[in-house]
Amino acid sequence: MSSPESQGHRLWLQPNRVRSGKGEKDRVTMLPGRLRRALKEHLAHAKAVHERNYKSGFGSGPSVGRVAAQISQCTSGMDVAVRFPGRKASIDPVSGRVQRHHVSEKLLQDAVKQAVLLAEITKPASCHTLRHSFATHLLENGYDIRTVQELLGHKDVSTTMIYTNVLNKPGIGVKSPLD
C-alpha cells in the first residue's frame with residue numbers, strides 16, 4: 001500500500017465524473033459553481049480522514065465489483081470510501097480487516113424521502129426523480145437534445161426525447177432569432 005502522499009490525487013480534482021451510474025455507465029456532468037467550495041471542503045475533510053486512517057493502519061475501505069476495478073485504476077487505489085467515508089470503521093466480512101467503508105446509498109435515499117415528506121410533496125419522488133428533473137430543466141433552459149442525451153448517458157436519442165413530452169412550454173423553449 002502506498003502512502004496517500006505518494007499517490008496522484010487526481011481523485012480530488014475530478015468531481016464531475018459519475019462512475020457506474022444508472023445502467024452501470026460512466027459519464028461526465030457539470031458541477032454547479034455554487035457547490036465547488038462546499039465540495040472542496042468536503043473532499044479536504046475526506047482526505048484528512050483517509051490520511052488518519054492510513055496512519056492508523058486501515059487506510060481505505062473495501063472495493064466491490066466492477067466499480068472498484070474502475071475506481072482503483074483511475075485513482076491509484078483510492079476508492080469511493082475515501083471520498084464519502086462512513087462514520088466509523090468496521091470489519092470487512094470478506095477480508096476480516098478493519099476498514100472504513102463508504103457511506104451507504106440508503107442514507108441519501110432516506111434523506112430525499114424525508115425531504116419529500118417535509119415539503120409535503122404528494123407525488124412519489126426519489127433520487128431518480130432528480131435525474132428526470134435535471135433533464136427536464138436543461139431542455140426548458142434551451143439546451144439541445146444531444147447535449148442532454150450525452151449528460152444522461154443515453155445510447156439512443158429517442159430515450160432522451162421522452163423528456164420533451166413533459167415540458168410546460170410548446171416545443172423545447174426555442175426563441176426566435178429576432179428576439
For this session: Find the distance between NZ (Lys113) and NZ (Lys106) and round it off to the nearest 0.5 Å.
Result: 6.5 Å
For this session: Output the distance between atom CD (Glu120) and atom CG (Leu118), rounded to the nearest 0.5 Å.
Result: 8.5 Å
For this session: Kindly compute the distance separating CE (Met161) from CG (Leu139), expressed to the nearest 0.5 Å.
Result: 9.0 Å
Exercise. Looking only at atom types and distance, does a side-chain atom of Gln149 sit under 3.5 Å from a main-chain N or O of Lys155, one as donor and one as acceptor?
Worked result: yes
For this session: May I ask you to check whether His137 and Tyr143 place their ring centers less than 6.0 Å from one another?
Result: no
For this session: Scan side-chain atoms only and decide if Thr159 and Asp156 contain a donor-acceptor pair under the 3.5 Å cut-off.
Result: no
Exercise. Mind checking what makes salt bridge (charged side-chain N to carboxylate O under 4.0 Å, His left out) contact with Lys88, not counting sequence neighbours?
Worked result: none
Problem set entry | Cluster check Val148, Leu130: I/L/V/M/F/W/Y, side chain < 4.5 angstrom | no
Exercise. Should Thr147 and Leu138 count as side-chain neighbours, where that means a heavy-atom distance under 4.5 Å?
Worked result: no
For this session: May I ask you to decide if the ring planes of His154 and Tyr163 are parallel, tilted or perpendicular, using 30° and 60° as cut-offs?
Result: parallel
Exercise. Does one hydrophobic cluster hold both Phe134 and Val116, with members joined at side-chain heavy-atom distances below 4.5 Å?
Worked result: no
For this session: State whether the number of non-hydrogen atoms from other residues, nucleotides or ligands found under 6.0 Å of Ile91 atom CD1 is greater than 12.
Result: no
Problem set entry | Within one Ile-Leu-Val-Met-Phe-Trp-Tyr cluster: Val112 and Leu107, side-chain cutoff 4.5 Å | no
Exercise. Is there side-chain contact between Lys40 and Leu43, with heavy atoms separated by less than 4.5 Å?
Worked result: no
Problem set entry | Taking every non-hydrogen atom, the tightest pair across Leu108 and Cys127 | CG-SG, 3.9 Å
Problem set entry | Non-hydrogen atoms of Arg131 and Leu152 that approach each other most closely | NH2-O, 2.8 Å
For this session: Please report the shortest heavy-atom distance between Val98 and Ala89, naming the atom on each side.
Result: CG1-CB, 3.9 Å
For this session: Show your working on side-chain contact (heavy atoms from CB on, under 4.5 Å) between Val49 and Arg52 and close with a plain yes or no.
Result: CA-CA 5 Å; Val49 168; Arg52 276 194 312 271; 3.3 Å; yes
Exercise. Do Gln109 and Glu105 have side-chain heavy atoms sitting under 4.5 Å apart?
Worked result: yes
Seminar exercise, completed: Distance col, row His132:NE2 vs Ile162:CD1, nearest 0.5 angstrom, shows 9.0 Å
